[in-house]
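A short worksheet on the structure shown next.
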Number of protein chains: 4
Amino acid sequence: MTVDLNADAGESFGVWKLGQDEELFGLVTSVNLACGFHAGDPLSIRGAVRLARGKGVAVGAHPGFPDRVGFGRRDLAASLEEIYADVLYQMGAVAAFLRAEGSSLHHVKAHGALYNQAARSLPTAQAMAQAIYDFDKTLPMMVLPNTPLEQAALELGLRAVLEGFPERGYRADGHLAERAVPGAIIHDPHQAARRAVAMVVQGQVESLDGPKVKLHCETLCIHGDNPQAPTIARHIAQALRAEGIEVRAF
Amino acid sequence: MTVDLNADAGESFGVWKLGQDEELFGLVTSVNLACGFHAGDPLSIRGAVRLARGKGVAVGAHPGFPDRVGFGRRDLAASLEEIYADVLYQMGAVAAFLRAEGSSLHHVKAHGALYNQAARSLPTAQAMAQAIYDFDKTLPMMVLPNTPLEQAALELGLRAVLEGFPERGYRADGHLAERAVPGAIIHDPHQAARRAVAMVVQGQVESLDGPKVKLHCETLCIHGDNPQAPTIARHIAQALRAEGIEVRAF
Amino acid sequence: MTVDLNADAGESFGVWKLGQDEELFGLVTSVNLACGFHAGDPLSIRGAVRLARGKGVAVGAHPGFPDRVGFGRRDLAASLEEIYADVLYQMGAVAAFLRAEGSSLHHVKAHGALYNQAARSLPTAQAMAQAIYDFDKTLPMMVLPNTPLEQAALELGLRAVLEGFPERGYRADGHLAERAVPGAIIHDPHQAARRAVAMVVQGQVESLDGPKVKLHCETLCIHGDNPQAPTIARHIAQALRAEGIEVRAF
Amino acid sequence: MTVDLNADAGESFGVWKLGQDEELFGLVTSVNLACGFHAGDPLSIRGAVRLARGKGVAVGAHPGFPDRVGFGRRDLAASLEEIYADVLYQMGAVAAFLRAEGSSLHHVKAHGALYNQAARSLPTAQAMAQAIYDFDKTLPMMVLPNTPLEQAALELGLRAVLEGFPERGYRADGHLAERAVPGAIIHDPHQAARRAVAMVVQGQVESLDGPKVKLHCETLCIHGDNPQAPTIARHIAQALRAEGIEVRAF
């Protein structure tokens with residue numbers, strides 16, 4: 001039994017630093033790098049790619065809406081053509097830095113409001129999946145299980161990597177609870193670790209509404225912008241390994 | 001004897017249109033597409049790539065400084081690391097749209113102030129050439145002959161495609177005269193066509209200072225933002241063909 | 001009886017030109033200038049302010065969402081605090097150019113998706129109205145009649161200037177039909193002029209759904225990004241004057 | 001004898017935090033707020049203005065080049081018209097937030113590369129001073145003494161507030177040494193405090209080249225992006241007060 005630990009990373013911009021890439025890259029097994037639209041700039045992307053390669057972490061692209069001041073967290077009524085083109089552009093830009101290092105993209109995961117929009121709207125998910133497919137049909141896409149994101153990947157024959165969020169509360173329908181809802185953010189590393197194990201070993205996790213949600217998870221997301229991220233990553237990795245689960249990139 | 005005609009293109013942004021790509025793409029043999037920093041956005045890049053492919057025109061990347069309001073025409077004291085990363089990012093972004101069409105980048109040419117800075121500063125030219133080399137060492141780079149741009153390409157073993165500007169006045173040292181200098185911009189299509197022939201057939205052109213400048217040219221630049229660009233391109237192509245020169249992409 | 005003719009203007013950006021400000025500023029009586037977020041830059045704002053002052057046209061601010069590539073036409077899930085601050089910032093920026101000319105802002109009108117969002121959401125309209133009130137409580141705000149925009153202005157005691165759109169089709173509920181709906185855009189200058197007169201003289205106009213909509217209008221909007229805008233403005237002004245209505249800024 | 005302590009502030013952007021405004025605003029007597037071009041956004045400007053007003057600190061505008069990714073620290077070949085308009089726009093934007101609080105701008109100080117360019121180029125300094133004058137001829141401008149910045153202010157009759165940099169090494173000609181030069185940045189709070197006293201009491205300070213530089217200082221700059229800024233501000237204020245100098249806004 002294996003699982004990947006992923007974290008959003010490369011979220012600095014110019015002089016502004018965000019996240020703890022240096023520490024986190026030794027703890028997770030794959031990272032999703034901001035591509036310059038909601039965060040990241042060419043120089044910071046280069047640095048993040050080199051750091052990831054030095055630490056042996058798999059590098060994916062993390063495209064988001066073109067909304068830097070809102071960090072890609074605000075829903076934007078982009079057209080499907082815009083979403084397709086925005087995702088293709090961002091993948092290409094980050095892939096260039098990997099290519100310059102003799103490597104290539106490992107996966108793609110949408111960021112913030114784009115991820116959420118694609119998890120509830122099939123046309124958005126299809127536009128995004130098509131961009132990935134057209135760039136490289138062997139590229140895996142991380143998806144929220146049982147949502148249009150998964151469906152769009154499967155329709156095209158893209159590999160859909162099922163993602164769980166041990167630090168986030170779920171609704172009974174399998175969607176993440178809004179951040180403002182009590183219990184939506186789990187701060188206790190021990191609780192996050194227990195949930196991670198439940199997700200991987202039992203394929204289910206308690207929802208905020210009560211009933212358990214069935215989730216088959218191939219990767220678990222650690223929120224890189226949380227100051228506790230390294231601690232949480234450490235607890236989760238230890239708990240998983242204690243159960244005999246191998247933690248490595250898919 | 002053959003020569004390429006190139007034009008900067010894809011210079012629209014959002015609702016704002018610039019240039020006459022539709023008409024020009026049938027007249028030139030290669031285009032340099034803005035990459036989203038000084039002009040161009042993901043959707044317009046996609047449109048320009050598709051238009052170029054439909055017209056059989058070779059597609060290159062045209063990276064510039066991150067200065068949209070200044071259209072990349074203002075000198076910017078970017079560090080060499082920033083120039084390297086900015087060029088790599090922009091190449092990758094445009095290349096993704098070609099890849100999605102089953103194609104790839106044909107060449108790279110710097111835009112505006114970045115071109116001018118690289119034509120007078122070897123470190124800038126080297127940073128740019130290194131980005132191209134690291135992305136794809138077989139990618140040709142368009143260069144102003146006898147300048148650091150040419151030297152930087154040759155140092156790395158990149159193909160340097162020598163470029164002439166039949167619509168621009170030259171100084172005796174082979175550099176382009178500043179746009180504000182009288183005679184720096186040639187508006188008469190017949191004069192531009194005569195200069196184009198002289199550049200290709202005789203390998204020289206009159207400078208504004210008097211003496212002829214030796215220039216071996218493999219590509220001639222048509223300024224796409226000039227409303228007369230299609231007329232000038234037509235005159236130049238006809239004059240070249242009348243001399244038995246084949247006009248096609250290098 | 002008097003009515004104002006307003007047009008969105010100053011919608012260029014850097015080298016990119018949009019609209020026909022030079023011609024339109026002699027035909028309308030007030031203009032709403034883009035403030036640098038969805039269009040406009042400091043230099044173009046200065047030029048538009050000077051042009052307007054030279055033509056004797058009243059100058060208002062036209063704040064929009066910070067979405068230049070989408071021209072402020074895409075709905076954005078900005079928080080109320082962000083909307084308040086974005087509107088205040090943009091008003092202040094444009095007002096500075098008027099102050100430098102010894103003048104001041106004449107009115108404020110939201111642009112594109114921000115206007116539409118405020119016309120259907122009272123909290124958005126309140127956030128915007130509060131920004132105007134806090135900047136200058138005597139500043140009129142242009143509003144779509146019978147919508148939260150009007151309500152928010154009245155709640156604060158701001159002057160709500162009721163706006164009609166003679167070139168746009170209305171729904172029976174008084175809202176503008178979506179641009180994609182057949183009949184939503186009226187291209188015939190004669191038809192637009194007839195509608196303008198009906199709006200001002202009779203206080204009503206036919207809706208696309210059949211029944212007439214009651215609209216008391218103090219200003220009529222001419223879409224400045226329509227190539228026919230000057231022709232339409234001329235027809236509307238003539239038709240109004242033929243009915244004895246004075247066309248001048250409120 | 002009195003002197004002002006100023007600090008650049010409001011240098012966050014979106015989710016990215018920079019500086020220690022909360023702590024620093026209780027220690028300095030005036031702050032220069034980034035205006036949204038090199039740093040700051042409408043929401044962060046509002047927050048900084050309110051914080052400053054709550055702490056009783058005088059609020060100035062800190063306009064910079066439109067180069068967010070370079071934090072306004074890279075020289076940019078902007079035209080004089082662009083500099084004038086960029087400064088006017090930024091002042092107006094920040095002033096709106098003060099106006100909403102029933103207050104107004106206290107002063108203006110250029111940021112980074114714009115400050116440096118204006119300190120060595122009279123036309124740049126004149127363009128900037130003219131923007132301030134046209135906005136409000138009573139607004140003081142902070143200047144590096146004995147440079148074109150001071151001259152441009154005096155030509156227009158603007159109040160030139162002479163600024164000293166106790167944490168920065170000077171060249172014998174009164175300009176600041178480049179940051180890369182050894183000794184250009186002074187890290188020791190005690191040394192900075194001694195230099196501050198010398199600048200205010202004796203009107204001179206040792207240069208890196210040896211000879212003392214004559215400097216009459218009315219305000220001393222604390223670099224807000226230095227993690228030690230609050231400590232340095234505290235040491236400098238104590239040392240000045242120990243000499244009987246009153247520390248307050250000019």
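We name chains A, B, ... by the order of the sequence lines, and we start the count at 1 in each one. Only a predicted model underlies this, so the values are computations on that prediction, with no experimental measurement involved.
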Are [X] and [Y] close enough that some pair of their side-chain heavy atoms sits under 4.5 Å apart?
| X | Y | answer |
| --- | --- | --- |
| A:L98 | A:R53 | yes |
| A:L220 | A:F165 | no |
| A:N32 | A:M142 | yes |

Side-chain donor-acceptor contact under 3.5 Å, A:N226 with A:H187: no
Plane angle bin for A:H235 and A:H190 - parallel if under 30°, tilted between 30 and 60°, otherwise perpendicular: perpendicular
Mutual orientation of the aromatic rings belonging to A:Y89 and A:F37 [parallel < 30°, tilted 30-60°, perpendicular > 60°]: tilted
Most chain D-contacting option - heavy-atom pairs closer than 4.5 Å, from A:S12, A:P42, A:S44: A:S12
Per-residue contact mode, A:R73 against chain D (heavy atom under 4.5 angstrom): side chain
Partner of A:H62 by side chain to side chain donor-acceptor pair (under 3.5 Å), out of A:Q90, A:H111, A:H107, A:K109: A:H111
Contact residues of residues 15-31 of chain A (partner chain D; heavy-atom separation under 4.5 angstrom): A:V15, A:W16, A:K17, A:L18
